[in-house]
Structures are given as structure tokens and as C-alpha cells.
Protein chains: 2
Amino acid sequence: MARRTAEEAEQTKQAIAAAAKQLFIQQGYQATSMEQIRESSGMSKGSIYYHFKSKEQLFMYLLELNMVDWIFKCTERFKLVSTATEKLYAIAHHFAHDFENPLMQASMEFSGTKGADPEVIEKIVEMSKFPLPLILDVIKEGIQQKEFAEDDPEKLALLLYSVLGGLGIIQFDNYSLEELEFIHRKAIDVFLNGIRA
Amino acid sequence: MARRTAEEAEQTKQAIAAAAKQLFIQQGYQATSMEQIRESSGMSKGSIYYHFKSKEQLFMYLLELNMVDWIFKCTERFKLVSTATEKLYAIAHHFAHDFENPLMQASMEFSGTKGADPEVIEKIVEMSKFPLPLILDVIKEGIQQKEFAEDDPEKLALLLYSVLGGLGIIQFDNYSLEELEFIHRKAIDVFLNGIRA
DNA sequence: CCATTATTAGAACGATCGGTCAGTATAATC
DNA sequence: GATTATACTGACCGATCGTTCTAATAATGG
């Protein structure tokens, strides 16, 4: 079997991408082999390399997809609320719920890969910070609206990003989703309390 | 050349450990090869495997050493201050300054390693949380001394641990040590402000 | 001073890695 | 219906992985 329709080919590509994504999230970048992706996706080695020119590029593809999806969902949520405070809770909720986000972990690990294209590394490092501008905007808005006390928005944004990122990275094997979400809300509670006007 | 004195042998072991530590921190666990450790330490493959029975065990050895050192330094600092608030600043300072701590990153990545001994994985996951009890104690003390508002100490400890861990993990390529320390202090400021009695 | 043992060196191992390639089959094009 | 471009297969590649093994040598105990 070969030469599917363009539509079917796209399905193949997405099957590979989906399998790869799951494995990268579960095991990290380096621990995931192309052989595993082949097995999990049910496609052949050749097919993978037909759609993606390298493991690096496959990973990049996933990161980009993940990023635009994340930002889209977040801005959608923003439309439902009005205050900066509510927006921060929305972001936290997003961090807690988004299973897809753990790609962040994999992308931090990626930097260490030997022989990796420096250009790709820099691009990935840059991309892993994508939620920062969003957070920054909300904090600026909060300060302007007098919801939050006057302070350096850049530093506060970095702080909140670290909290949420840290919460996502720390191993929570024995926590339920509810507890997890609770902790994320708690994080915002404390943070808000700390910067309130 | 072979058969050094016991003292010289220990030096060899420590040279290997030191080289490995640096590489694990810089590149992560999987990206660091035994060949690199051999080259960097200047010792031979045989020598490495004489002192450490596997890459896993070498990594474990470093983690344990790092942990006791961290705790020791921290409790030493605690003796110089009195309030829980001051202790939190001390912990933050420790997180910011301790270059050695980035082993945490490597230990989180380790979990994904294929074929890794599950027993070792669990042990490492457990070990990576070592600062938690310390933080928990301080927070309990702070609540008891009425420095902090009444709250669930477990959750607050997890929160602070995530903040500091997150700050340590996020890529700060373009930040100086001073800025880094500043941000860590700022984190405690906001956190303290958020939980103050 | 001899036998033993601790410590090193480095060649070699099988396994697995990411990646390539010649070949095939079919949809699309004309 | 012949031709061409596309989608895919699976065997295969050299490199590198963690690890093992044998041999050499120097310190140690008798």
C-alpha cells in the first residue's frame, strides 16, 4: 500500500504527530526513540521521515502546534472575564488542566542534547517562554486598573510564570486532578494577596 | 600506571564524580555519556566502572552527596536567624545561589529513561523533594509564631517549593546573578505578603 | 622479596540510536 | 492508458550508547 490521497496522507502525519507527542510528554525528548514512535503510530520509519525531516523537526512541529493552541484557548477564555484578577485565575486553570503543556518539560531537556542544531535549540528555548508575554499583559493591565499594587510588571510576570511552571513540573504522582487544580488556585490566591493594591 | 594508594584512589573517584556532576548539570542525565565523563575526568572507562557500578549509581551518588550538603548548609544558615520569615529568605537565597542544585532538573528528566531500574527511579523522585520537609517546618513555625496567617502548611510549602524550584528551572540565560537573586527575594516578598498574618 | 590484591587502562561488545535509500504501489495528471 | 509525482515500506547504515573484560602495574601483607 502506498500513495494515499492528500487527505489520508495528512491523517498519517497527524497519527505520527499524536503518537510522538504522547511519548515526548511521557518520557521526554531524548528517552523517546524514533523506533518507539514508529511502533506506537503504526507507521513505518520511511513514512515518518517522509513527513518530518528529522526528530528535531518533528519535535519543533509539536511545540509550535501546542503553542498556538495554548494561546488560542487562553485568549478565548479571556473573552469570558473582565478583570485582570479573573484572567490570572483563567491562566492558572489553563496551566493546571492542560495536559498538553508538559511538552515544556521536554523542551527544557532538549537543550542539553548533544549535536543538536544550535539554531533549533535557541528557537525552542525562546518558544518555551511563550506564556510570558500573555501573563505580562495581564499584570500590566491589573496595575493600570489599580487592581494590583504598583510594581515591576516584568518581574511579577516572571514570578508567576515560575510558580505555574514549577507547579506543572514538580512530580505530583499522588495528587488527584481536583487537588492539583486546588493548589493552582491557591497559588493565585497567595500571589494575588501578595500583589494586591 | 595502576594501583594507587587508597588516598589517591579516592581522589580519582572524586575527580570522576566532579566531572560527572558538572556534565549532568550542564547537559542533563541522558545527554551526558560515560565517554564524556571519561574524557572530562581524564580517567579511563575501567576506572569509572571500578568506582561506580553503573551510570545510574554514579548519578545516585551525586544526588545523595548534593542533598546532605544542601541540608547541612541550610540548617547552618538557620542558626544565624531567628524568625520564620528570615528562614524563608535564607532558603530562597540558597535556591538562588546553589549552582549545585540544578541536579534537580537532571533528576526529573531521569525518570523518563528507558530501561531504568524502577526502584532507582522511585528513590530519585523521592530524593528530589528533599527540601520540602525543611520548608514545611519553617512554615509551620511561622504559623505557630503568628508570623503567617492560619492556613494549610502542606499546601503553602508545596507552593513555595514550586516557586523556588520553578525559578531554578526556568531558563535565565540573559540574567546576571544579582538579578537572579533579586527575583528570588522578590518571590519571597510576594509570597510573604500573600500569607502574612 | 614474593604473592596477593587494589587500582588503572583501553580494546572490544552487543544493543540501540537517528537517519538513509532503493524499491513499490497507487492516486493524480494529461 | 501511459506517465509522473506522491505516499509509503523495511532493510540497512555508521555512530554511539552503557558496559564488560583482560591485561598491566604498583602498593600491601607476609
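We name chains A, B, ... by the order of the sequence lines, and we start the count at 1 in each one. The shown structure was predicted, so the numbers you read here are calculated from the model rather than taken from an experiment.
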Side chain of Ser54(B) (C-beta onward), nearest among dT19(D), dT7(C), dA9(C)
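The nucleotide sitting nearest to the side chain is dT19(D).
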
Select one nucleotide: of dA6(C), dG19(C), dT6(D), the one nearest the side-chain heavy atoms of Arg3(B).
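Minimum distance to the Arg3(B) side chain belongs to dA6(C).
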
Output the rounded distance in Å from [atom1] ([X]) to [atom2] ([N]).
X	N	atom1	atom2	value
Ile48(A)	dT20(C)	CD1	P	13 Å
Glu56(A)	dG19(C)	CD	P	7 Å
Tyr50(B)	dT5(C)	OH	P	12 Å
Met43(B)	dG10(C)	CE	P	12 Å
Ile37(B)	dG18(D)	CD1	C1'	10 Å
Gln11(A)	dC8(D)	CD	C1'	15 Å
Arg4(B)	dA24(D)	CZ	P	18 Å
Tyr29(A)	dC17(C)	OH	P	13 Å

Before you tell me yes or no, could you show the steps for Ile121(B) and Asp117(B) under side chain to side chain contact (heavy atoms under 4.5 Å, CB included), namely the whole-Å CA-CA distance, both residues' side-chain angles and the distance that decides it to 0.1 Å?
CA-CA 6 Å; Ile121(B) 288 187; Asp117(B) 186 352; over 6 Å; no

Suppose we screen for side-chain hydrogen bond (donor to acceptor under 3.5 Å, both in side chains). Which residues come up paired with Ser41(B), at least two apart in sequence or across chains?
none

Measure up the Phe95(B) and Tyr161(B) rings against each other and bin them: parallel (under 30°), tilted (30 to 60°), perpendicular (over 60°).
perpendicular

Evaluate the ring planes of Phe59(A) and Tyr29(A), with Trp represented by its six-membered ring, and classify them as parallel (under 30°), tilted (30 to 60°) or perpendicular (over 60°).
tilted

Less than 4.0 angstrom between a side-chain N/O of [X] and OP1 or OP2 of [N], yes or no?
X	N	result
Tyr49(B)	dT19(D)	yes
His51(B)	dA6(C)	no
Thr5(A)	dA28(C)	no

Is it true that the NZ or CZ of Lys21(A) lies under 6.0 Å from the centre of Tyr61(A)'s six-membered ring and within 45 degrees of the ring axis?
no

One character per nucleotide, please: for nucleotides 10-17 of chain D, 5' to 3', B when the base has a protein heavy atom closer than 4.0 Å, S when only the sugar-phosphate does, - otherwise.
B------S

Would Glu10(B) and Gln14(B) count as having a side-chain donor-acceptor pair, cut-off 3.5 Å?
yes

His94(B) and ring pair (Phe, Tyr, Trp, His ring centres under 6.0 Å): which partner among Phe72(B), Tyr89(B), Trp70(B), Phe78(B)?
Trp70(B)

